[in-house]
Amino acid sequence: MKKYIILVFVFSVVANNLLAQCCSAGNPFFYGEISSLSKNNLQFVMGYKYSTSHEYYEGNKSINIDFIDKAYFNYITLQSIYGVTQRLTIQADLGYFINKTETYLKEDWSPSKGYGLGDATIYLKYLAYNNFKKQLKIIPSIGITIPIGVFDQEVDHVKLPITVQPSSGSFKYQASLYINKGTSNGRFNFALFGMFEYAQLIDSKNFYYKYGNQVLFSFLTSCKLGNSLSVAIELRNENRGKSLRNNDQIVESSGFNIVYAIPHISYSFSKNWYLAINTDLPVYKYYNGIQMSNTYSVSMRLSYKINLSKK
Amino acid sequence: MKTLSLILISFVIIISVSCQKNDDIGENTTDKITIDSLVANYYTVIAWDTTTITCYATGDSLIYGWECDHGNFNGSGTQIRYAAGECCVGINTITCSISNRLGIVSESIKIEVTSYFQK
């Protein structure tokens, strides 16, 4: 049982998902820990992500547009996860952009660079089903993203474009389901993750916008190599619907369908410390209209877990 | 008594003229902001093409602020360049807000961004 719990934990730390094409407003999706925790367990995950985009896509093909040369960001996140009961886990994520930058091909256009606090997200996860014999866990969860960060950042009194604003400016609501299945030898693990996200309309004085809703499916299989090392491969499909702007006009060049192949590797330094690295490689991209497309991203997570019940 | 009245009248006249004079000084070196015009060299642009927007204003120590509901700016001060991609096709509002120690005044113009596919 202990072995199983450790395996699930290793897997779930490995099972990081880093969505968000570069660069859209707000935090990139980052769920370093998608499993639940046992009662009185506390876990901190420090995450870092670098993402870059340097080509436009029309549908599933690259297209030359002489505007943005490169869009990239460096992002850090702190996740705090606490097992309230054996079944209920609460998680709080806070994101910060070290930079969120666009450089331009147009002559004399200087780069746009945003930075600062992004969004905060709070999740409630419930261990709905847990069968140790079958090594099966089912964890539904709900979450809310709160735009606490900067959404009106300026340079020289000129407001930066929305794409480099650290915060999305919008409340978002998530519902997800995580299913984890282990094998009897404890070496392999399989997981399914599905999520739906609804973005609330932003209706402020100068801005009317609603991000498209998002549906995500992910399949991940992991393998333990020895006691400390784990590798995993994840296939993730991310769908975002079209956005709405003034007068409920549909933004035709918004929304996408992307499949990522994501190799993961994680290493446990001790019982409580883990380091995980992964890279998101898009293997299929379809963008509605013409949009900047994500080239790749790399992320790293350092996780520390403590049991507060132990004196 | 007559002398006192003359002094008092003179004092009132001096004060009145002084006040009038102060008002004149205030108008000559006003901090009031007036936006004379906010103009673009193109009011309709194809996605990712650039238009230059200029704000002509009078007043002292003016600070020019720019914001738009969709699209990108480059530059600062009285003149900026604006461009927007396919994401921003439609009529976009560009607002110039000018401020100094007395307050803030704003003016907006609409720029229509048409689709790249219409090129």
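Heavy atoms of A/E58 lying under 4.5 Å from chain B belong exclusively to its side chain. Contacts between A/S254 and chain B at a heavy-atom distance below 4.5 Å are absent for every atom of the residue. Looking at A/V251, the atoms closer than 4.5 Å to chain B (heavy atoms on both sides) all sit in the side chain, from C-beta outward. Heavy atoms closer than 4.5 Å to chain B are found in both the backbone and the side chain of A/D108. With a 4.5 angstrom heavy-atom cutoff, A/I65 touches chain B only via side-chain atoms. When heavy atoms are compared at a cutoff of 4.5 Å, A/L105 does not approach chain B at all. Both the backbone and the side chain of B/A83 have a heavy atom closer than 4.5 Å to some heavy atom of chain A.
Note that NZ of A/K106 and CG of B/N74 are 10.5 Å apart. Values are rounded to the nearest 0.5 Å. A distance of 9.0 Å separates CD in A/E252 from OG in B/S115, rounded to the nearest 0.5 Å. Note that OG1 of B/T93 is 11.5 Å distant from CZ of A/F207, once rounded to the nearest 0.5 Å. Rounded to the nearest 0.5 Å, atoms CG (B/D49) and CG (A/D66) are 10.0 Å apart. Atom SG of B/C87 sits about 13.0 Å away from atom CG of A/N288, to the nearest 0.5 Å.
In terms of modelled atom types and a separation under 3.5 Å, the side chain of B/E67 and the main chain of A/D152 share no donor-acceptor contact.
Counting heavy atoms from C-beta on, the side chains of A/K159 and B/T95 never come closer than 4.5 Å. Looking at A/Y56 and B/Y116, their side chains never come closer than 4.5 Å, going by heavy atoms from C-beta outward. At a threshold of 4.5 Å between non-hydrogen side-chain atoms, the residues B/D69 and A/Y209 do not count as touching.
Shown here for A/V158 and B/G75, the closest heavy-atom pair between the two residues is CG2-O, 3.4 Å. Between A/S253 and B/E86, the shortest heavy-atom distance links the atoms OG-CB, 3.1 Å. Taking all atoms of both residues into account, the shortest heavy-atom contact from B/V89 to A/R245 is O-NH1, 3.2 Å.
Put simply, of B/T50, B/I80, B/N72, the one with the most heavy-atom pairs under 4.5 Å next to chain A is B/N72. Of the listed residues (B/G85, B/G71, B/G90), the greatest number of heavy-atom pairs within a distance under 4.5 Å of chain A belongs to B/G90.
Residue-environment remark: OH (A/Y50) exceeds the threshold of 12 foreign heavy atoms within 6.0 Å. Summarising the local packing, OH of B/Y42 is surrounded by 12 or fewer heavy atoms from other residues, nucleotides or ligands at distances under 6.0 Å. The number of heavy atoms from other shown groups lying within 6.0 Å of OH (B/Y43) is above 12. In B/Y56, the OH atom is not crowded: 12 or fewer heavy atoms of neighbouring residues, nucleotides or ligands sit closer than 6.0 Å. Enclosure of atom CG in B/D36 by more than 12 non-hydrogen atoms of other residues, nucleotides or ligands within 6.0 angstrom is indicated. In this structure, A/N64 places its CG atom where only 12 or fewer heavy-atom neighbours from other residues, nucleotides or ligands lie under 6.0 Å away. Atom CG of A/D156 has 12 or fewer heavy atoms from other residues, nucleotides or ligands within 6.0 Å.
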